[in-house]
Structures are given as C-alpha cells and as structure tokens.
Amino acid sequence: MSNDLAGVWEVALSDGVHRIEFEHGTTTGKRVIYVDGKEVLRRDWMFKLVGKETFTVGGADTKATINIDAVSGFAYEYTLEINGKSLKKYMENRSKVTSTWVLNLDGTDCRVVLEKDTMDVWCNGEKIETAGEFVDDGTETHFTLGDHNCCVKAVSSGKRRDGIIHTLLVDGTEIAECVE
C-alpha cells in the first residue's frame, strides 16, 4: 500500500463484509483497487484523472464501480456504487431483501444472512444446505450449524406494510436480528 489511499468502504454482502480500498495517484493518475487486501485492478500512468473503475466483489461477483470526480482544482471526490446504486441506496435496499443475525456458537462468531427473495441462507460466506416446510402460521427453513439445529421462521405480520417477519431460532432460542 502506498500513501495514495483515497477511499475505504465496507460492503456487506451475503457472503460476508468486504473491505474495498482505492488508491489514486493524482500526479501520475495511478489507480489501484484492493478487495479484502487483494489487488483486483491496477492502472499506472493514466492521463485522465477523473472517470470510473468497475470491478467485482464477493463470491457472487457483485458489480462495483468507483466514480472519480473533480470537485475543485486538484481536489477529488470518490463514490462507490454497488449494482448501479450508491452504496447508501444499495444498503437501504439490501436491508429490505435480506435479514442478518450475528451470534457466537461454540466460541465461533457466525454471521447468518437470509436472502428473502430466494430463501437462501449463508453463514460466514458459505451457502448453507436448507430444508423448507410449510407450517400452520407460515414457513420454516431448517438447517444446522455445527451441532446446533437452526430454523428461520417466516410469519405474516398481519400488517401489509410490515409484510413477513423472519425470525432465527438456534436450538429453539430466538436470536435478535442485527442492522448492517
């Protein structure tokens, strides 16, 4: 890493939280992008100091773009877009389509993510094998983490605005959802 670090972002995806770092050499035009400490893009000696760089993040190759805009003189603004949306808009939308729980099982921190549209369950970056079933008040998606029986219950809130409420149970104990 050089001293040209211009931006750092943390992006929460289903397979984990990824750290994106961007170096911009404003004298040479150099652009370097690191995802989770690994260099994914390098351009040396760029004559155009503004523009955009597109790359992928995470196991699902989510599209990311860093926009480089001149603000005044030799000052620059760097913005990150994920799947064509600003990071803020993407994260707001993501909170509507996923539920996330963070818990400690047998001394190991676990980040469990439910993708509400597909009902896929991820734990620490790995997609988990699940079994779904319909029950009287909604659905249950069963899976195991280590020696623990887990279940995501999907129940109607009874209110159209609130929609379906997803709850994670580990060995029958409800785990509080976290906000990313």
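One-based numbering along the sequence shown.
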Would you check if there is a donor-acceptor pair between the side chains of Glu174 and Thr167 at a distance under 3.5 Å? no
Identify whether the distance between the nearest side-chain nitrogen and carboxylate oxygen of Glu23 and Lys30 falls below 4.0 Å. yes
Which atoms form the tightest heavy-atom contact between Cys123 and Val112, and what is the distance? SG-CG2, 4.3 Å
Is there a side-chain contact between Cys150 and His142 (heavy atoms, below 4.5 Å)? no
What one should report as the nearest heavy-atom pair of Thr56 and Val35 is O-CG2, 4.3 Å
Does a sphere of radius 6.0 Å around CG in Asn104 hold more than 12 heavy atoms from other residues, nucleotides or ligands, not counting ones at 6.0 Å or beyond? yes
Quiz question: by atom type and distance under 3.5 Å, do the side chains of Asp4 and His24 form a donor-acceptor pair? no
Side chain proximity check, Lys85 to Asn93, heavy atoms < 4.5 angstrom: yes
For Leu80 and Ala64 the tightest heavy-atom approach is CD1-CB, 4.3 Å
Nearest 0.5 Å, what's the OG-CD1 distance between Ser99 and Ile175? 13.5 Å
Apply the test side chain to side chain contact (heavy atoms under 4.5 Å, CB included) to residues Trp9 and Leu87: give CA-CA distance (whole Å), side-chain angles for both, the deciding distance (0.1 Å), then the verdict. CA-CA 9 Å; Trp9 298 271; Leu87 181 59; 3.9 Å; yes
Criterion side chain to side chain contact (heavy atoms under 4.5 Å, CB included) on Thr62 and Asn83, from CA distance to verdict: CA-CA 7 Å; Thr62 303; Asn83 281 341; 3.6 Å; yes
Specify the closest pair of heavy atoms between Asp15 and Ala60, including all atoms of both residues, with the distance to one decimal. OD2-N, 4.4 Å
Taking the side chain as C-beta and beyond, is there a heavy-atom pair between Thr79 and Ile66 under 4.5 Å? no
Check the side chains of Asp171 and Asn149 for a donor-acceptor pair under 3.5 angstrom, ignoring hydrogens and angles. no
With heavy-atom distances below 4.5 Å as the criterion, would you say the side chains of Arg94 and Ser14 are in contact? yes
With a 4.5 Å limit on heavy-atom distance, are the side chains of Val121 and Val113 in contact? no
Should Val152 and Leu169 be regarded as members of a common hydrophobic cluster, given that ILVMFWY residues are connected when their side-chain heavy atoms come within less than 4.5 Å of each other, either directly or indirectly? no
Looking only at the side chains, is there a donor atom on one of Arg43 and Thr28 sitting less than 3.5 Å from an acceptor on the other? no
Would you please classify the geometry between the Tyr78 ring and the Tyr76 ring as parallel, tilted or perpendicular, with 30° and 60° separating the classes? tilted
Quick check: is Leu41 connected to Ile82 through a chain of hydrophobic side chains (ILVMFWY, heavy atoms under 4.5 Å apart)? yes
Test side chain to side chain contact (heavy atoms under 4.5 Å, CB included) on Glu115 and Val97; report intermediate values, then the result. CA-CA 6 Å; Glu115 294 182 349; Val97 297; over 6 Å; no
Find the distance between CD (Glu140) and CD (Glu133) and round it off to the nearest 0.5 Å. 5.0 Å
What residues join Trp45 in its hydrophobic cluster, counting side-chain heavy atom gaps under 4.5 Å, either direct or through other members? none
Would a single hydrophobic cluster contain both Phe22 and Leu13, if residues Ile, Leu, Val, Met, Phe, Trp and Tyr are joined by side-chain heavy-atom contacts under 4.5 Å? yes
Closest heavy-atom contact between Arg111 and Ala12? NH2-CB, 3.6 Å
Would you kindly say whether His18 and Glu10 are connected by a side-chain donor-acceptor distance under 3.5 Å? no
Any sub-3.5 Å donor-acceptor pair from Thr118's side-chain atoms to Asp120's backbone N or O? yes
Looking at OG1 of Thr108 and CG of Leu145, how far apart are the two atoms once the value is rounded to the nearest 0.5 Å? 10.5 Å
Pair Thr54-Thr65, side-chain donor/acceptor within less than 3.5 Å: yes
Quick one: do Thr130 and Met119 satisfy side chain to side chain contact (heavy atoms under 4.5 Å, CB included)? Show the steps, please. CA-CA 9 Å; Thr130 62; Met119 294 304 284; over 6 Å; no
Would you call Ile68 and Leu49 a side-chain contact if the rule is heavy atoms closer than 4.5 Å? no
Rounded to the nearest 0.5 Å, what separation is found between the SG atom of Cys110 and the CH2 atom of Trp101? 13.5 Å
Any side-chain heavy atom of Thr100 within less than 4.5 Å of one from Glu177? no
Mind running salt bridge (Lys or Arg N to Asp or Glu O under 4.0 Å) on Lys96 and Glu92 for me, showing each step along the way? CA-CA 7 Å; Lys96 294 174 190 160; Glu92 285 169 1; over 6 Å; no
So how far is it from Ile33 CD1 to Arg42 CZ, rounded to the nearest 0.5 Å? 11.5 Å
Locate the shortest heavy-atom distance separating Val57 from Ile20; write the atom from each residue and the value. CG2-CD1, 3.8 Å
Glu39, CD atom: more than 12 neighbouring heavy atoms under 6.0 Å: yes
Find out if a path of hydrophobic residues (ILVMFWY) with successive side-chain heavy-atom gaps under 4.5 Å connects Trp122 to Ile128. no
Residue pair Leu114 / Thr98, side-chain heavy-atom distance below 4.5 Å: no
When you measure from the side chain of Ser157 to the backbone of Gly163, do you find a donor-acceptor pair of N or O atoms at a distance under 3.5 Å? yes
Within 6.0 angstrom of Lys127 NZ, more than 12 heavy atoms from elsewhere: no
